[in-house]
*Asks:* 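Please find one structure pasted underneath; my questions will follow.
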Amino acid sequence: MKFTEGPEIRDTKAPEGPIEERWEKRKFSAKLVNPANKRKLNVIVVGTGLAGGSAAATLGELGYNVKSFCYQDSPRRAHSIAAQGGINAAKNYRGDGDSIYRLFYDTVKGGDFRARESNVYRLAQVSVNIIDQAVAQGVPFAREYGGLLDTRSFGGAQVSRTFYARGQTGQQLLLGAYQALERQVAAGTVEMHTRHEMLDLIVSDGRARGVIVRDMVTGEIERHLADAVVLATGGYGNVFFLSTNAKGCNTTAIWRAHERGAYFANPCYTQIHPTCIPVSGEYQSKLTLMSESLRNDGRVWVPLRKNDERAPGDIPEDERDYYLERIYPSFGNLVPRDIASRAAKNVCDEGRGVGPGGLGVYLDFRDAINRLGRDAVEKKYGNLFEMYERITGENPYDVPMRIYPAVHYTMGGLWVDYDLQSTIPGLFVIGEANFSDHGANRLGASALMQGLADGYFVLPTTIGDYLANGPYGDVDEEAVAEAEIKVRTRIDRLLAVNGTRTPDSFHRELGKLMWDYCGMERTEESLRKALERIPELREEFWQNVKVSGTAEELNQVLEKAGRVADFFDLAELMCLDALVRTESCGGHFRAESQDADGEALRDDENFAHVSAWEHSPEGPVLHKEALEYEYVKMTQRSYK
Amino acid sequence: MNLTLRVWRQSGPSDKGRMVTYKVEDVSPDMSFLEMLDVLNEKLILEGDDPIAFDHDCREGICGMCGMVINGVAHGEQRATTTCQLHMRHFEDGAEITIEPWRAAPFPVVKDLVVDRSSFDRIIQAGGFVSVPAGSAPDAHSVPVRKEDADAAFDAATCIGCGACVAACPNGSASLFTAAKITHLSLLPQGQPERLSRAKAMVDQMDAEGFGGCTNTGECTAVCPKGIPLDTIAQMNSDYLKANAK
Ligand SMILES: Cc1cc2nc3c(=O)[nH]c(=O)nc-3n(C[C@H](O)[C@H](O)[C@H](O)COP(=O)(O)OP(=O)(O)OC[C@H]3O[C@@H](n4cnc5c(N)ncnc54)[C@H](O)[C@@H]3O)c2cc1C
Ligand code: SF4
Ligand code: FES
């Protein structure tokens, strides 16, 4: 795939000055919209997860006219509902040395120095308010007997700053946002459109002014116009087919915006989560995550010997390798995800993996049960144990769980500036859909934090500034018509192929290819292979896909086919991005770039930048945004 | 394993609908129920038939989207389980399985097994929230909450809004869902100021949507994938009575 290099991105709109003051400064400099005018301003928010739900609720509350869209039957079902472990905040309620600065520091380091300092600092600052907001909404976080909030620790941190609601933190936080959203629906400030899928962005006079959506029940194509558009459509991990994401997660909204001019940043940064239930068969439709919080008490090990077929209970202590504790004595089982995932891959590659195909490691609670008692373990992790048993048919109180890494979260996404605005004026991107705060690796419990920070606190301020600088005039009728025709043509094309393979069969093949060639470990050779194979497979898709039914009805095959088609284009860009970045960092491990111990070797000299890709008919154009570290010194990450 | 499925097919809200029989072969006991349907659907697509429409998303038992009635029981016979978490190892080889959508007037069928549950959202709109604008919340530690209360509130809050309770109820009542929501907020100090008005508004909305009345048959808790207890309904009724007495 050919690409060219374009001008560097110089201005990210982050204010200058001491880092602690930047967000205050930005808030103060933001123009305000007069309350009487807010009613006349229309904002479209696509997505109702933590990011979109909280944003739409807050914008409605502020008095804007909001239209909210999601593809599920209710906003409460967005993928965020599945988050288990918890949400970070620098509250220092424990007095264990936590602070905004430490959360900032851990996050920049955890992201392998590929995140922006200004953004991350703001995230740490705002984290404190998120907990207050959620508690006030009635989110039932875990409490201590004294009535105060309980916390736990998570991978990549040595302080206990993770707030949680049993193993269902995402659910409870999302219900909080959803209830706030429904309150605004009742108040008439938010108009909710469920079972609607955004299929294109309307850009008029260079500004984002609306969306084309399909009513997924009737098939009707609708146009919705606004003064600004917010995308909160989540991540694209499902490009790998098997992932921990909900089945519907896709890239369509951000990919179409990319085609309309929004830069796509760091597409190759994929987080692989270390503690998922291993794949069991060809028919499998998704992977299930076992919360990382299990690593607080569970010990990870594999047999010392290769191809050891004995049952785990028959393997004596001195023939077990607690490899994380051995290699990383100070963090042990709590090393960050990228480190834990690769370590699991390495021991399995050595032939010491357990379970079918040798693709698994043990997560063992024997010692915790002996130390704390079965009851205490059940209280803490009962629902997770039960979930494991349901899926595998094995009881983790008696035999250790088997886990293996799986695709989980995408750190890449549409490029946004400090205001969360993309390269298309008026198009804002929040939550997992943007690339912003996590760098090359996301520490646990920080996606929920970022989604809610964006939605409740950051976007509502910065979008106001954009809107106050309007009005932006009438929307060009031709631009709307063009977008609508494009959407219709594409649907007609998908239906017309009438080939012999289902959309799912293409998706599986693409996913396998991505996992093999652009997964936990990439090489120049594997990426070149992928870049050769993806266009062939895409070609076959457009020649041979079979979409049954019509466009004028609820048609899940058509929905699926449209999403898979976009995954092909995205997959290609992911591989190109991974190929060009000849260093290893966080979730991006290039086998050619490792140190003597097999750890990821960054190349700060050449790659301390964000790669922001512009779409162009002649091939992608790479724009670099230099990353500067004034407060946290770039060092080799060590968790030893 | 090999199975015979009898599936409710209905092309749209105005179609009368009928049961259609399908054979599925080579089902692995490790498959989830939805994966088994995926396999059937792949076959139907290739044969040029309309695949069976069903709702699902998380496939982890948490989004509440995947409801269907299996052999006459909402989400199937396995207790405290959503359809996506039901695995084929619980069925016998050669079994015949009937699959139908939720049936209740306030949940109109959209297509096949897909129903419209937006009436639940409207019950929440009526008052299922704490009125708190973003940015003005007090410090989270300013109001301690007894651990027992927080835990009980959490137990009620785990409702996933699937609607199995409605599908199982002989009266088509939404009491368990509504009661779970009311109980969650009424057990927390943050929910107190609006407690009675909330209960009244939500129960009235539930009635307005056409859900039936509760006669304490308990079918709802028996199928609830999250084990929402029946005493939440007593809590709801008590708040509702108090609200009306005022
Ligand atoms: C199993 C699991 C556990 C996790 N645990 C944690 C955890 O403990 N802590 C943590 O911090 N993070 C966790 N995460 C990550 C976190 O849940 C997600 O990153 C986060 O919830 C994403 O939120 P979001 O609002 O950006 O997007 P989502 O919640 O994915 O929402 C996307 C929304 O966009 C809508 N949408 C998408 N495309 C379209 C379209 N074309 N048209 C219309 N609507 C569209 C969807 O309907 C949905 O409403 C976990 C993730 C998983 C999968
Ligand atoms: S109460 Fe139970 S059955 Fe009813 S909607 Fe909630 S989770 Fe589903
Ligand atoms: S698909 Fe989400 S609960 Fe079953």
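Proteins get letters first, then strands, A, B, ... in listed order; numbering begins at 1 in each. Because only heavy atoms are used, hydrogens play no part in the values below, and waters and symmetry mates are left out as well, while side chains stay in.
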*Asks:* For chain B, find which of V126(A), D132(A), D150(A), L175(A) contributes the most heavy-atom pairs closer than 4.5 angstrom.
*Replies:* D132(A)
*Asks:* Would you mind telling me which of L86(B), V115(B), V130(B), I62(B) has the largest number of heavy-atom pairs within less than 4.5 Å of chain A?
*Replies:* I62(B)
*Asks:* Report which part of E282(A) has an atom under 4.5 Å of a heavy atom belonging to chain B: side chain, backbone, both, or neither.
*Replies:* neither
*Asks:* Who among E553(A), R183(A), E61(A), M192(A) has the most heavy-atom pairs with chain B under 4.5 Å?
*Replies:* R183(A)
*Asks:* Looking at H90(B), R117(B), K111(B), which has the largest count of heavy-atom pairs under 4.5 Å with chain A?
*Replies:* R117(B)
*Asks:* Are F91(B) and F33(B) near enough that their ring centres are under 6.0 Å apart?
*Replies:* yes
*Asks:* With chain B, which of R195(A), R501(A), Q284(A), H79(A) has the greatest number of heavy-atom pairs at distances under 4.5 Å?
*Replies:* R195(A)
*Asks:* Give the member of V217(A), N383(A), L149(A), I131(A) that has the highest number of heavy-atom pairs under 4.5 Å with chain B.
*Replies:* L149(A)
*Asks:* Going by side-chain contact (heavy atoms from CB on, under 4.5 Å), S285(A) matches just one of H56(B), R59(B), M31(B). Which one?
*Replies:* R59(B)
*Asks:* Is L188(B) close to chain A through its backbone or its side chain, or both, or neither, when contacts mean heavy atoms under 4.5 Å?
*Replies:* side chain
*Asks:* Where does S131(B) contact chain A at under 4.5 Å (heavy atoms): side chain, backbone, both or neither?
*Replies:* both
*Asks:* Please look at H141(B) and chain A and tell me whether the side chain, the backbone, both or neither of the residue comes under 4.5 angstrom of a heavy atom of that chain.
*Replies:* both
*Asks:* Contact part of S28(B) toward chain A, heavy-atom cut-off under 4.5 Å: side chain, backbone, both or neither?
*Replies:* side chain
*Asks:* Looking only at heavy atoms and a cut-off of under 4.5 Å, which of T288(A), N129(A), N245(A) has the most pairs with chain B?
*Replies:* T288(A)
*Asks:* When only pairs under 4.5 Å are counted, which of L34(B), L46(B), D50(B), L185(B) shares the most heavy-atom pairs with chain A?
*Replies:* L46(B)
*Asks:* Under 4.5 Å heavy-atom distance to chain A, tell me which part of D121(B) shows up: side chain, backbone, both or neither.
*Replies:* both
*Asks:* Do NZ/NE/NH1/NH2 and the carboxylate oxygens of R390(A) and E60(B) come within less than 4.0 Å?
*Replies:* no
*Asks:* If a pair satisfies ring pair (Phe, Tyr, Trp, His ring centres under 6.0 Å) and one of its residues is in residues 177-198 of chain B, list it, with sequence neighbours excluded.
*Replies:* F120(B)-F177(B)
